[in-house]
Amino acid sequence: MMGSDTASATLRFPAGFRWGAATAAYQIEGAARADGRARSIWDTFSHTPGRVQGGDTGDVATDHYHRVAADITIMAEIGLAAYRFSVAWPRIVPAGSGAVNQAGLDFYSRLVDGLLDRAITPLVTLYHWDLPQPLQDAGGWANRDTAARFAEYAQVVGQTLGDRVPTFTTLNEPWCSAFLGYGTGVHAPGIADNATALAAAHHLNLAHGLGTAALRDALPATGQVSLTLNLQQVRAASQSDADRDAVRHVDAVANRIFLEPVLRGRYPDDLVADLGHITDWSFVQDGDLAAIAAPIDVLGINYYFPTLVAAATAQLRELGATGAKSDPHGTAGPAPFPGTDLAFAVPQDGPYTAMGWRIEPASLTDLLLRVHRDYPGMPLLITENGAAYDDVVAADGSVHDPDRIDYLSGHLAAVHAAITQGADVRGYFLWSLLDNFEWAFGFSKRFGIVHVDFVTQQRRLKDSAIWYRAVIAANGLG
Ligand code: IFM
């Protein structure tokens, strides 16, 4: 199912389906040292030469911190019913533990009030990768104490915003935090060690569990708690037994390492056995799994591209040993899948977005149906989906982005197909509201439906924003 086949279809979503857009603090806020905010691991990383393309940093980003009122007006203009944003931990607890910074809380309180004034429902993510630097200095996510610090921070934010925010997400994409931050090192804090990445994954799971308990304590009885995972829809490069087994393995190290402890209170036996040569799993302590499995109300899923994998043959291992960088896309050739030496990601045919990511909406339908089948009864939200393209501002100030509209309509049709087949998907948050700081790619990749001139900070609705307004108004496509 590609966008062009579905673009003309009329598809209506269930009544009450929640239409939103998403952002994250470090990617848009700027104001890196304002009002008591201290450094996070992304400040350190982006200021380290060679880590981020073009030497870009989030010091100013889209200056959302100072332009929040105007940005809320833009959201209202697009007709958003919901807005997903993240809270910057280093604004709230600058040292990572201890003193709370009231000015940081006040900023998010004003944001929430501004959203509610426009009838836009806030969805708050507590951790979208900006760990306070002092916690990294103590080991970061490789140190289990970080999970307890996260729970303290979650409690503070829950107590402050819980009277107005119906849903909190503990972590965004812990896979990226663990495996890109500590496994491949392409994200902050830039550590490349699979054993450390596996410990980090467990401590992130623990943070989610302890954070969920802290939120339950802080929130009114109606408060909802969720977790957002960037689940991967994995396929085999060939029908060989070895490649099919690589699919099972990658599913374990990318998906089930989070899904199973959170939703079933256990780590998968095959995962533990497969990676016994990398870690002895001694970081999993008595009581951890019960804490991690604290019930959640909704599961967020972020989806962008499918994953193609092959078993690690001697030839591929040789490649890995000679420096093929670990990568979940295999964009530049086969590359070890992050977190493991047993499977490789291999290149896929196009079409691609400007990230080099294959466009395949049908994989989103399959992924949603798989989660629905394996974890029945769990309400789902698409908390991110979108595409980067090389947008240009036309002479008349408009920004024509037909490829993005095609990507989005194809993926919305894919979500609709999953709902039709039984998946309980409650809403869709487009990534992203604004062009922003795309992590290691800096400002070179534009995911927004609103164009941002990074010099003047001027905002312009792209065609996709106008298209999305019509989708929201019609509660569907066509
Ligand atoms: O920009 C990121 C976001 O922060 C997390 N999910 C994927 C997006 C696109 O790479």
Side-chain angles (χ1 to χ4, degrees), residues 20-30 40-43 45-46 51-53 56-58 61-62 64 83-89 123-131 169-181 184 186-188 204 226-233 254-255 258 299-307 327-329 331 338 345 352-359 363-364 367 381-391 401 403-404 407-408 411 428-450 452 454 464:
T23 63
Y26 190 71
Q27 294 181 272
I28 64 164
E29 285 179 0
S40 79
I41 54 175
W42 269 96
D43 295 276
F45 192 75
S46 63
R51 293 301 206 174
V52 174
Q53 200 169 319
D56 294 342
T57 75
T62 71
H64 170 76
Y83 174 56
R84 172 180 182 250
F85 64 92
S86 79
V87 172
W89 188 347
L123 169 55
V124 168
T125 300
L126 291 172
Y127 184 69
H128 198 125
W129 309 354
D130 40 3
L131 187 72
T169 300
T170 53
L171 311 176
N172 177 71
E173 301 182 350
W175 181 85
C176 295
S177 301
F179 293 103
L180 303 184
T184 69
V186 298
H187 279 188
L204 282 150
S226 69
L227 166 70
T228 278
L229 300 175
N230 56 317
L231 297 175
Q232 320 230 356
Q233 183 63 20
N255 298 329
F258 301 107
L299 178 68
I301 295 180
N302 294 354
Y303 171 85
Y304 291 87
F305 54 83
T307 304
D327 168 23
H329 309 286
T331 334
Y352 307 112
T353 67
M355 297 296 284
W357 296 349
R358 176 173 160 75
I359 303 168
S363 274
L364 176 54
L367 178 63
L381 266 185
I382 303 294
T383 36
E384 285 182 28
N385 174 243
Y389 286 103
D390 299 324
D391 305 310
D401 57 346
D403 291 339
R404 180 174 292 105
Y407 179 98
L408 294 170
H411 285 77
Y428 177 90
F429 290 77
L430 193 159
W431 185 270
S432 182
L433 176 69
L434 303 169
D435 289 338
N436 58 50
F437 175 83
E438 176 54 22
W439 307 112
F441 295 91
F443 297 106
S444 70
K445 303 294 180 203
R446 294 182 175 274
F447 274 91
I449 54 172
V450 176
V452 178
F454 293 117
S464 56

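Start at 1 with the first residue, then count along the sequence. Indexing begins at 1, ligand by ligand and atom by atom, following the structure's order.
Close contacts of ligand 1 with Glu438, meaning ligand atoms under 4.0 Å from a residue heavy atom, involve 1 (O), 2 (C), 9 (C), 10 (O). Less than 4.0 angstrom separates some heavy atom of Gln27 from each of these atoms of ligand 1: 1 (O), 3 (C), 4 (O).
Ring geometry for Phe179 against Trp175 counts as tilted: the plane angle lies between 30° and 60°, on a 0 to 90° scale. Ring geometry, His411 versus Tyr303: the interplanar angle falls from 30° to 60°, so the pair is classed tilted.
With a heavy-atom cut-off of 4.0 Å, Trp357 touches ligand 1 through its side chain alone. Residue Glu173 touches ligand 1 through its side chain alone, judged by heavy-atom distances below 4.0 Å.
Minimum heavy-atom separation, Ser177 to Trp129: OG-CD1, 3.4 Å. Closest non-hydrogen pair, Thr170 versus Leu227, comes out as OG1-CD1, 3.7 Å.
When side chains are defined from C-beta on, Trp431 counts as touching Asn436, because their heavy atoms get closer than 4.5 Å.
Between Asp401 and Arg446, no side-chain nitrogen of the basic residue sits less than 4.0 Å from a carboxylate oxygen of the acidic one, so the salt-bridge criterion is not met.
The shortest heavy-atom distance from His128 to ligand 1 is under 4.0 Å.
By heavy-atom distance, the residue among His187, Lys445, Glu384 lying nearest atom 6 (N) of ligand 1 is Glu384.
Ranking the protein heavy atoms by distance from atom 8 (C) of ligand 1 puts Tyr304 OH, 3.4 Å first.
The N/O atoms of Asn436, backbone and side chain alike, include none that comes under 3.5 Å of an N/O atom in ligand 1.
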